[in-house]
Amino acid sequence: MATIRIPTPLRKLTQGKEEVTAAGGTIGALIANLESQFPGIKERICDESGQVRRFVNIFANDEDIRFLKNLDTPVKDTDEVSIVPAIAGGDY
Amino acid sequence: MSFGNLLKDVKAQIRETDVENVRKSVEAQKGPGGDGNGAGPILIDVREKDEWAEGYIPGARSIPRGFLELRIEDQVPEHGAEIVLYCAGGTRSALAAKSLADLGYTNVKSLAGGFTAWKRAGLKFDRPFVMTQEQSMRYARHTMLPEVGDAGQAKLLQSRVLCLGAGGLGSPAGLYLAAAGVGTVGFVDDDVVDASNLQRQILHSTDRIGMSKVESAKIAISKLNPDVKVNTHQTRLSSDNVLDIIKDYDVIVDGADNFPTRYLINDAALKLGKPVVDGSIYRFDGTVTTFLPFNGPCYRCFYPEPPPPDMAPSCQEAGVLGVLCGVIGSLQAVEAIKVLLGIGKTLSGRQLQFDALALKFREFKRPHDPTCPVCGDGKKAEDIELIDYQQFCNVRT
């Protein structure tokens, strides 16, 4: 099972956990598995058509999946997957 | 042996060049910015500092003869490099050329007639930015760094950085940039100091609650370093004023608290060719990256579209560890100084993430997106049009 890093804004869906594990050979399968464990999380990551939202980045280790095979990017059990949404949060 | 004989001996062992040859190579070195960083011989002025201060050949660097053997291997590690030495009249540089040959430098010439001959030929020369004695003392820990030196510090003193926001990130960034001697620091902020800001916004103070943040920032910075000119822009950035505000700055430090401003500054900075050091914070998490215009990714390469407002929580609702601002804002200042000095490796193409609770830094690769709507393949800076960013981000005003 790959490790998935949950960004702070989505942790209310994972009972506060910042790291979870999920099974699946691709990023897409991983997200489906994540949704079965934590209902509601998928719609925060993907839009209605199932594609990753344009303000969310998913990294397989340190590589952005948009520049790999997107949701078909293969994931190994030893991989760390990070979900990184855009945060405007500066602080005037 | 008399001095006359010694000089004759030395001159027989070294090679000399003349003003005409040096003029040609100085002109050839003038790259796009005319900064003398192109190919060609390395020109070293071996005169004393007070002579250098009166003017030097464009593109030359100063190593007084007394320090030459000490410093040359740091500055020119390659023993085969083509070096031209000059002094006022060609005598000291001839002796210096012999010293370098003794150190194993194989391609050294001395400029016959020296700087006097250069000036007599009516050729252009530069005058260095001369630090006052107070400045030399204040910035001593910088100037002793070979990567900064007197030239780098002079560059900082003549640089201009704009901080977007005099708040959580603008506070440490602005203070450190000012302490570093960045000559002009501007702040854009339309807010006033509130008691709830003081947990993290260290530019401000209890006795300035209610004062405009840009005025408060100016007071703090003038106390820290009177060398620094502070520009106050008490306004909110918009498509109408952004180009005018940023046009005179060299680097922008973005600590904006909202998406419309991030996209606005991205597009405007790309249009005018300004580097942006981007920082953001949320609770215990922070990120930093650097956007170099048309040389690496931009904010839109990262995030082609902003999140809808209901998915974009702000620090106002979520809270933020005050000192996190210090970590991220200071990293932004580090990046800004590197960009100004052209040293080191910036975060362009990388995004650094800081997790304060785990005390862990992570780094993600951030390639340029060839399909980016503003900086993608075939896109040009002059074609960028500023849009209504509030509408783009679906923000109700």
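Throughout, protein chains are lettered first and strands after them, A, B, ... in sequence-line order, and every chain is numbered starting at 1.
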Check salt bridge (charged side-chain N to carboxylate O under 4.0 Å, His left out) between B/Arg350 and all other residues, then give those that pass, not counting sequence neighbours.
B/Glu363
Which region of B/Cys163, side chain (C-beta onward) or backbone (N, CA, C, O), has a non-hydrogen atom less than 4.5 Å from a non-hydrogen atom of chain A, or is it both or neither?
neither
Determine which residues belonging to residues 11-39 of chain A lie within contact range of chain B, meaning some heavy atom pair is under 4.5 Å apart, and list them by number or answer 'none'.
A/Arg11, A/Glu18, A/Glu19
How about B/Tyr176: does its OH atom have over 12 heavy atoms from other parts shown lying under 6.0 Å from it?
no
Residues two or more places apart in sequence or in another chain: which of them pass ring-ring contact (aromatic ring centres under 6.0 Å, His included) with A/Phe67?
none
Point-to-point distance, once rounded to the nearest 0.5 Å, from OG1 of A/Thr8 to CG of B/Asp355:
7.5 Å
Side chain of A/Asp64, backbone of B/Lys365: donor and acceptor closer than 3.5 Å?
no
Using side-chain heavy atoms (C-beta onward) and a distance below 4.5 Å, is A/Arg44 in contact with B/Pro307?
no
Donor-acceptor contact present, side-chain A/Arg66 to main-chain B/Asp369, <3.5 Å:
no
Interchain contact, B/Pro367 with chain A, by part (heavy-atom threshold 4.5 Å):
both
Can you tell me how far CG of B/Asp285 sits from CD1 of A/Ile87, rounded to the nearest 0.5 angstrom?
7.5 Å
Residue list, salt bridge (charged side-chain N to carboxylate O under 4.0 Å, His left out) with A/Glu43, at least two apart or on another chain:
none
Taking the six-membered ring for Trp, are B/Tyr303 and A/Phe55 ring centroids under 6.0 Å apart?
no
Pair count under 4.5 Å, heavy atoms only, with chain A: among B/Gln353, B/Gln351, B/Arg362, highest is B/Arg362
Correct closest heavy-atom pair for B/Arg366 and A/Phe59 would be CZ-CZ, 3.5 Å
Between A/Pro85 and chain B, with a heavy-atom cut-off of 4.5 Å, which part of the residue counts as in contact: side chain, backbone, both or neither?
backbone
